[in-house]
**Q** 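Got a structure for you, written out below as structure tokens; questions coming shortly.
For clarity, every value in this text was computed on a predicted model and none was experimentally measured. Note: hydrogens, waters and symmetry copies are ignored here, and every other heavy atom, side chains too, is used.
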Amino acid sequence: MDLSIFKDYTIQIVAIGSAILGVISGIMGSFAFIRKQSLLGDAVSHSALPGICIAFILTQIKATEALLLGATLSGFLASYFIFSIVRYSKIKFDTALAVVFSSFFGLGVVFLTYIQKLANSNQAGLDKFIFGQASTFLARDLKMMVAMCIITIVLVGLFWKEMKIVSFDSEFSDTIGISSQKVGMLISFLIVLAVMVGIQMVGVVLMSAMLIAPASAARQWTNQLSKMIVLSSIFGAISGVVGTVISSTTSKLATGPVIVLVASVIVLISLIFAPKRGLLWRKLKFRNKNKEEYKVIE
């Protein structure tokens with residue numbers, strides 16, 4: 001591998017941004033995984049598309065800040081609809097999730113088709129937000145991502161006890177005076193932020209994988225939430241950096257999908273080799289157990 005690529009300023013920015021995205025995704029993905037809301041990130045990321053399109057229609061310029069603001073508002077609105085449907089109706093979470101995110105994404109595609117017909121549609125490039133375009137990542141975007149990472153870490157640190165209790169047993173949290181609804185809204189708020197900061201890099205389609213893959217891998221190695229969050233953040237950061245390097249050394253290879261593929265490989269390795277939970281460990285345990293039973297019979 002040619003190490004000189006690390007001297008490239010653009011690659012440095014993208015690699016650092018990918019690593020920070022991995023950390024944010026690892027932290028909030030762990031809570032989504034424990035709360036069995038893994039597909040919430042998928043719904044939020046797909047629901048961001050109409051917000052991006054509306055922001056462009058209103059401003060008529062491709063300003064990253066405006067587009068991400070529109071995406072964030074759209075993501076919050078989708079989350080509000082999902083939890084409101086679950087709370088005030090008999091519809092289950094997964095059904096509400098599917099209805100909302102498919103409706104929002106369909107609306108986004110309609111807006112995208114409309115924008116294509118505008119006179120200044122050539123400067124839009126909004127389709128890049130569907131699969132991401134890490135090459136457009138700038139230093140100002142990195143600063144915003146660092147700020148989001150700090151906000152996430154600070155809020156998780158301040159409300160660690162409440163978020164932990166609500167994630168494992170929301171009914172118990174209500175009995176001891178911790179509002180599961182308010183804490184759940186905080187967790188959802190941070191998940192939306194995590195999704196929004198990653199859309200530009202990996203896109204609305206793949207952001208859900210970036211949110212859940214590191215957490216899924218980390219869960220195989222530990223039973224403690226704190227250790228899971230640390231491992232998930234590390235796996236996410238490794239995925240971001242390695243994916244950036246691979247895409248940078250291979251022509252015409254998109255960075256976002258490669259990052260997700262690297263994260264998927266880490267999940268696969270964890271599923272096979274993780275102690276106590278890994279498939280290899282279970283197979284060895286089963287084999288040893290059969291040997292012991294055979295010796296007893298003899």
Side-chain angles (χ1 to χ4, degrees), residues 24-52 71-110 129-131 162-174 178-199 202-220 223 225 228-229 232 236 260 263-264 267-268 270-271 277:
I24 299 175
S25 301
I27 295 173
M28 297 318 303
S30 297
F31 285 105
F33 185 92
I34 293 298
R35 299 186 74 205
K36 298 180 180 180
Q37 295 179 349
S38 299
L39 289 177
L40 180 60
D42 191 31
V44 172
S45 59
H46 281 75
S47 301
L49 186 58
I52 293 172
T72 303
L73 294 176
S74 184
F76 282 135
L77 186 61
S79 299
Y80 174 77
F81 283 154
I82 291 170
F83 288 107
S84 295
I85 291 172
V86 174
R87 184 180 181 184
Y88 298 109
S89 71
K90 295 183 179 180
I91 297 177
K92 294 184 178 180
F93 180 78
D94 57 344
T95 305
L97 200 97
V99 170
V100 172
F101 101 73
S102 58
S103 300
F104 270 69
F105 189 69
L107 181 63
V109 173
V110 171
F129 280 91
I130 296 180
F131 297 105
E162 292 82 358
M163 294 173 70
K164 183 177 180 180
I165 294 174
V166 169
S167 296
F168 284 103
D169 195 337
S170 58
E171 294 182 359
F172 173 73
S173 68
D174 289 324
I178 298 176
S179 175
S180 60
Q181 182 180 355
K182 292 181 179 179
V183 177
M185 289 176 62
L186 174 61
I187 295 173
S188 299
F189 168 77
L190 293 176
I191 290 175
V192 171
L193 285 184
V195 171
M196 292 309 116
V197 298
I199 281 182
V202 299
V204 300
V205 174
L206 298 175
M207 186 55 212
S208 59
M210 190 63 194
L211 192 70
I212 295 304
S216 301
R219 182 66 180 91
Q220 306 306 311
N223 291 321
L225 181 59
M228 178 181 172
I229 288 176
S232 182
V260 173
S264 301
V267 173
L268 181 61
S270 300
L271 288 173
R277 288 179 174 271

**Q** To the nearest 0.5 angstrom, please state how far the CD atom of Gln37 sits from the CG atom of Asp94.
**A** 11.5 Å
**Q** Within the side chain of Ser84, is there an N or O that forms a donor-acceptor pair under 3.5 Å with the backbone of Phe81?
**A** no
**Q** Is it the case that over 12 heavy atoms from other parts of the model lie below 6.0 angstrom from the CZ atom of Phe172?
**A** no
**Q** Looking at residues at least two apart in the chain, or sitting in another chain, which of them share a side-chain hydrogen bond (donor to acceptor under 3.5 Å, both in side chains) with Ser74?
**A** none
**Q** Nearest 0.5 Å, what's the CE-CE distance between Met163 and Met28?
**A** 4.5 Å
**Q** Specify the closest pair of heavy atoms between Val86 and Phe93, including all atoms of both residues, with the distance to one decimal.
**A** CG2-CA, 3.6 Å
**Q** Of the non-hydrogen atoms in Ser30 and Gly26, which two are nearest, and what is the gap between them?
**A** OG-O, 2.7 Å
**Q** Under a 4.5 Å cut-off applied to non-hydrogen side-chain atoms, are Gln220 and Val267 in contact?
**A** no
**Q** Check Ala71 against Ile52 and note the closest heavy-atom contact, atom names and distance.
**A** CB-CG1, 3.6 Å
**Q** Run through Phe83, Phe101, Phe31 and flag the one making a side chain to side chain contact (heavy atoms under 4.5 Å, CB included) with Leu40.
**A** Phe83
**Q** Answer whether the closest heavy-atom distance between the side chains of Leu49 and Phe104 falls below 4.5 Å.
**A** no
**Q** What I'd like to find out is whether the side chain of Phe33 reaches to under 4.5 Å of the side chain of Met228, using heavy atoms alone.
**A** yes
**Q** Taking it one step at a time, do Ile34 and Lys164 satisfy side-chain contact (heavy atoms from CB on, under 4.5 Å)?
**A** CA-CA 9 Å; Ile34 293 298; Lys164 183 177 180 180; over 6 Å; no
**Q** Distance-only check: which donor-acceptor pairs under 3.5 Å involve side-chain atoms of residues 206-219, not counting sequence neighbours?
**A**
{"from": "Ser208", "atom 1": "OG", "to": "Asp42", "atom 2": "OD1", "distance (Å)": "3.4"}
{"from": "Ser216", "atom 1": "OG", "to": "Ile212", "atom 2": "O", "distance (Å)": "2.9"}
{"from": "Arg219", "atom 1": "NH1", "to": "Thr222", "atom 2": "O", "distance (Å)": "2.9"}
{"from": "Arg219", "atom 1": "NH1", "to": "Asn223", "atom 2": "OD1", "distance (Å)": "3.1"}

**Q** If you round to the nearest 0.5 Å, how far is CG of Leu97 from NE2 of His46?
**A** 10.5 Å
**Q** Just how far is it from atom OG of Ser45 to atom CZ of Phe105, taken to the nearest 0.5 Å?
**A** 9.0 Å
**Q** Which atom pair, heavy atoms only, marks the closest approach of Ile82 to Ala96?
**A** O-CB, 4.0 Å
**Q** Let me have the donor-acceptor pairs involving side chains of residues 178-195, under 3.5 Å, with sequence neighbours excluded, atom names and distances please.
**A**
{"from": "Ser179", "atom 1": "OG", "to": "Lys182", "atom 2": "N", "distance (Å)": "3.2"}
{"from": "Ser180", "atom 1": "OG", "to": "Asp174", "atom 2": "OD1", "distance (Å)": "3.1"}
{"from": "Ser180", "atom 1": "OG", "to": "Asp174", "atom 2": "OD2", "distance (Å)": "3.0"}
{"from": "Gln181", "atom 1": "OE1", "to": "Arg87", "atom 2": "NH1", "distance (Å)": "3.4"}
{"from": "Gln181", "atom 1": "OE1", "to": "Arg87", "atom 2": "NH2", "distance (Å)": "3.4"}
{"from": "Ser188", "atom 1": "OG", "to": "Gly184", "atom 2": "O", "distance (Å)": "2.9"}

